[in-house]
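Everything numeric here is computed off the predicted structure, so don't read it as measured data.
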Amino acid sequence: MKIDFALERIRRLQPDSSSEEFLLEIAWLYDRIVRAGSTVPVVDLAYELVMPLEFVGECVSTAMDLRFICLPKKGSNGGLISQKALRRLKQIGNHRS
């Protein structure tokens with residue numbers, strides 16, 4: 001999936017660090033940025049979303065707490081999206097794994 005389409009989808013949502021739908025989209029985008037090789041995925045995600053770094057960091061942290069993003073493996077720059085998040089996204093109907 002292209003990141004541009006995912007950005008369009010998240011921009012239609014109200015930024016809310018307590019919204020499951022918003023956090024699932026954050027997890028999806030964060031995963032794509034990590035897989036692209038970003039060494040600073042939260043910074044890159046904040047830049048892509050044109051949102052404050054602190055807010056995006058809070059969203060990523062909350063998504064990790066909710067197990068939408070796996071904790072980063074030792075030596076990696078970020079965690080990947082979890083199977084739990086992929087299942088929830090599929091239920092919502094926004095993504096195909």
Side-chain angles (χ1 to χ4, degrees):
M1 170 172 291
K2 292 182 76 173
I3 200 161
D4 292 342
F5 182 70
L7 287 171
E8 286 177 29
R9 204 173 39 248
I10 199 169
R11 287 185 179 129
R12 287 183 279 198
L13 299 174
Q14 178 69 34
D16 180 355
S17 62
S18 63
S19 162
E20 180 182 81
E21 186 175 6
F22 188 79
L23 293 172
L24 286 166
E25 294 294 343
I26 288 287
W28 178 267
L29 288 166
Y30 183 83
D31 177 79
R32 295 299 174 248
I33 287 172
V34 168
R35 288 179 191 270
S38 173
T39 57
V40 286
V42 173
V43 172
D44 290 339
L45 182 56
Y47 176 79
E48 287 292 330
L49 294 173
V50 191
M51 291 183 181
L53 178 60
E54 297 78 20
F55 175 72
V56 173
E58 175 187 338
C59 290
V60 169
S61 179
T62 303
M64 284 182 178
D65 290 346
L66 294 172
R67 298 187 183 156
F68 293 159
I69 300 171
C70 300
L71 294 176
K73 293 188 178 179
K74 191 172 187 167
S76 72
N77 293 318
L80 301 177
I81 194 166
S82 69
Q83 289 301 309
K84 175 184 178 180
L86 290 172
R87 282 191 303 274
R88 287 293 300 131
L89 285 166
K90 206 169 181 183
Q91 288 172 348
I92 298 171
N94 289 341
H95 301 76
R96 288 179 217 100
S97 51

Side chain of [X], backbone of [Y]: donor and acceptor closer than 3.5 Å?
X: K84; Y: I69; answer: no
X: T62; Y: E58; answer: yes
X: S82; Y: R67; answer: yes

With side chains defined as the heavy atoms from C-beta onward, is the minimum distance between [X] and [Y] less than 4.5 Å?
X: L89; Y: E25; result: yes
X: L29; Y: L49; result: yes
X: V42; Y: I33; result: no
X: S17; Y: F22; result: no
X: S19; Y: Q14; result: no
X: L86; Y: W28; result: yes

Hey, what do you get for [atom1] ([X]) to [atom2] ([Y]), rounding to the nearest 0.5 Å?
X: M64; Y: C70; atom1: CE; atom2: SG; result: 9.0 Å
X: I81; Y: I26; atom1: CD1; atom2: CD1; result: 11.0 Å
X: L23; Y: Y30; atom1: CG; atom2: OH; result: 13.5 Å
X: C59; Y: L45; atom1: SG; atom2: CG; result: 8.5 Å

| said: Ignoring hydrogens and geometry beyond distance, is a side-chain donor-acceptor pair present between T39 and N77 at under 3.5 Å? | reply: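 No.
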
| message | Once salt bridge (charged side-chain N to carboxylate O under 4.0 Å, His left out) is applied, do any residues pair with R35, and if so which ones, sequence neighbours excluded? | response |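 Partners of R35 by the salt bridge (charged side-chain N to carboxylate O under 4.0 Å, His left out) criterion, ordered by chain and then number, come out as D31.
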
